[in-house]
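Read the structure below first, then the notes.
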Amino acid sequence: MIKAIYDVLYPRRCPICGEIVSPRGELVCPPCKLKLNPVEEPRCKKCSKPIISEEKEYCHDCETKNHHYVKGYALWVYDASMKKSISDFKYHGRREYSDFYIDEIIKRYGKEIESIAPDVLIPIPVHKSKQIMRGYNQADILARGIGSKLNITVLSHLLQRDKKTLPQKLLNDKERLKNLEKAFTYSEKEGDLFAVPIHKVMLIDDIYTTGSTIEACTNILTKNGIDEVYFLSVCIGKGF
Ligand SMILES: [Zn+2]
Ligand SMILES: [Zn+2]
């Protein structure tokens, strides 16, 4: 009842066209959903970026860089539609879009996540000043939604992003990774909240592009005794 009244007062907006969802009660307009580009085969066996050649196993990035996570999953290609959707979700207060993303993640990867059986989900943290400005961490909203549907603990503060870093533009690849690693810290206190030692985790984020953030977080987690790191993101760039 309360939800019905709320829906009348604040009708849900479509994460793709930004208009009121039609038909009412859906999370997305069905024709808008068709505009999205799901990540399908052939895709990179490591990061899951769509690739052109069926003969290739890995994308250019994964072929040339040694990523230390085990495997990654993503739902949609980061194209113009998703760019707008994610930007509204992140910067323009459209928190409700996460309901659609989470629903689709569970439909597509719920079984796979359950079979990986991560001990905990970890959202990629944003810097405190950004979180205050936006009012929330978009990755945390996603992780909490997925965690509650699959019954997996979410440790939102295991990784913290509390240091400002040098602008990445000025640095080469190796320096970039080192620079990025400095931005994050691992909270042992938060790790102790989990009753048993953590072995396997899944990082959650909204977009995966070069993988440098995931790599930096993976390195910090493995340095702190975590054996296996997976990632899941709503969107991913194209590989080649
Ligand atoms: Zn729409
Ligand atoms: Zn790849």
Side-chain angles (χ1 to χ4, degrees), residues 7-8 10-90 92-105 107-109 112 116 124 173-174 176-177 180 202-219 222 228-240:
D7 278 349
V8 172
Y10 306 100
R12 179 182 284 280
R13 293 205 170 251
C14 168
I16 312 307
C17 68
E19 301 297 324
I20 291 166
V21 175
S22 160
R24 289 274 185 109
E26 299 288 326
L27 298 178
V28 64
C29 321
C32 289
K33 193 179 162 186
L34 294 177
K35 286 185 198 156
L36 299 179
N37 233 324
V39 171
E40 277 163 353
E41 300 296 340
R43 53 181 168 166
C44 173
K45 289 200 163 43
K46 182 94 178 172
C47 73
S48 96
K49 265 184 195 171
I51 47 180
I52 300 159
S53 161
E54 297 220 15
E55 283 105 61
K56 276 175 80 176
E57 286 197 287
Y58 302 103
C59 71
H60 177 75
D61 256 1
C62 292
E63 255 174 8
T64 50
K65 287 179 205 152
N66 185 15
H67 289 143
H68 290 87
Y69 58 80
V70 181
K71 196 174 156 78
Y73 299 87
L75 260 187
W76 295 296
V77 175
Y78 190 51
D79 58 8
S81 298
M82 273 327 286
K83 217 173 222 170
K84 175 159 191 324
S85 181
I86 294 283
S87 150
D88 289 345
F89 169 50
K90 252 161 111 159
H92 303 117
R94 292 274 174 234
R95 269 178 91 136
E96 76 222 63
Y97 290 2
S98 63
D99 294 340
F100 170 58
Y101 308 148
I102 292 161
D103 204 52
E104 293 297 314
I105 285 170
K107 274 193 230 158
R108 178 91 189 270
Y109 292 122
E112 209 145 351
I116 292 168
I124 299 291
D173 267 8
K174 254 203 172 139
R176 278 180 186 208
L177 187 62
L180 201 53
M202 185 172 265
L203 291 166
I204 309 290
D205 209 359
D206 49 349
I207 312 159
Y208 178 101
T209 48
T210 62
S212 51
T213 306
I214 297 289
E215 181 63 10
C217 291
T218 301
N219 289 344
T222 51
E228 288 178 42
V229 179
Y230 291 79
F231 82 79
L232 175 86
S233 66
V234 175
C235 298
I236 195 159
K238 263 196 177 162
F240 55 89

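Remember, it's 1-based here, ligands and their atoms both numbered in the order they're listed. Please read all numbers here as calculations on a predicted model, not as lab measurements.
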Counting backbone and side chain alike, does H60 bring an N/O/S atom below 2.8 Å of the Zn ion (ligand 2)? no
Examine K46 relative to Y69 and say whether NZ or CZ is less than 6.0 Å from the centre of the six-membered ring and inside a 45° cone about the ring axis. yes
Calculate the angle formed at the Zn ion (ligand 2) by SG in C44 and SG in C62; 10° precision is enough. 110°
Nearest 10°: the angle subtended at the Zn ion (ligand 1) by C17 SG and C29 SG? 110°
Sidechain N-carboxylate O distance under 4.0 Å for E96, R94: yes
Any salt bridge linking E104 with K33? Criterion: basic side-chain nitrogen under 4.0 Å from a carboxylate oxygen. yes
Output yes when D88 and R13 qualify as a salt bridge under the 4.0 Å nitrogen-oxygen rule, no when they do not. no
ang(SG C47, the Zn ion (ligand 2), SG C59) rounded to 10° is 110°
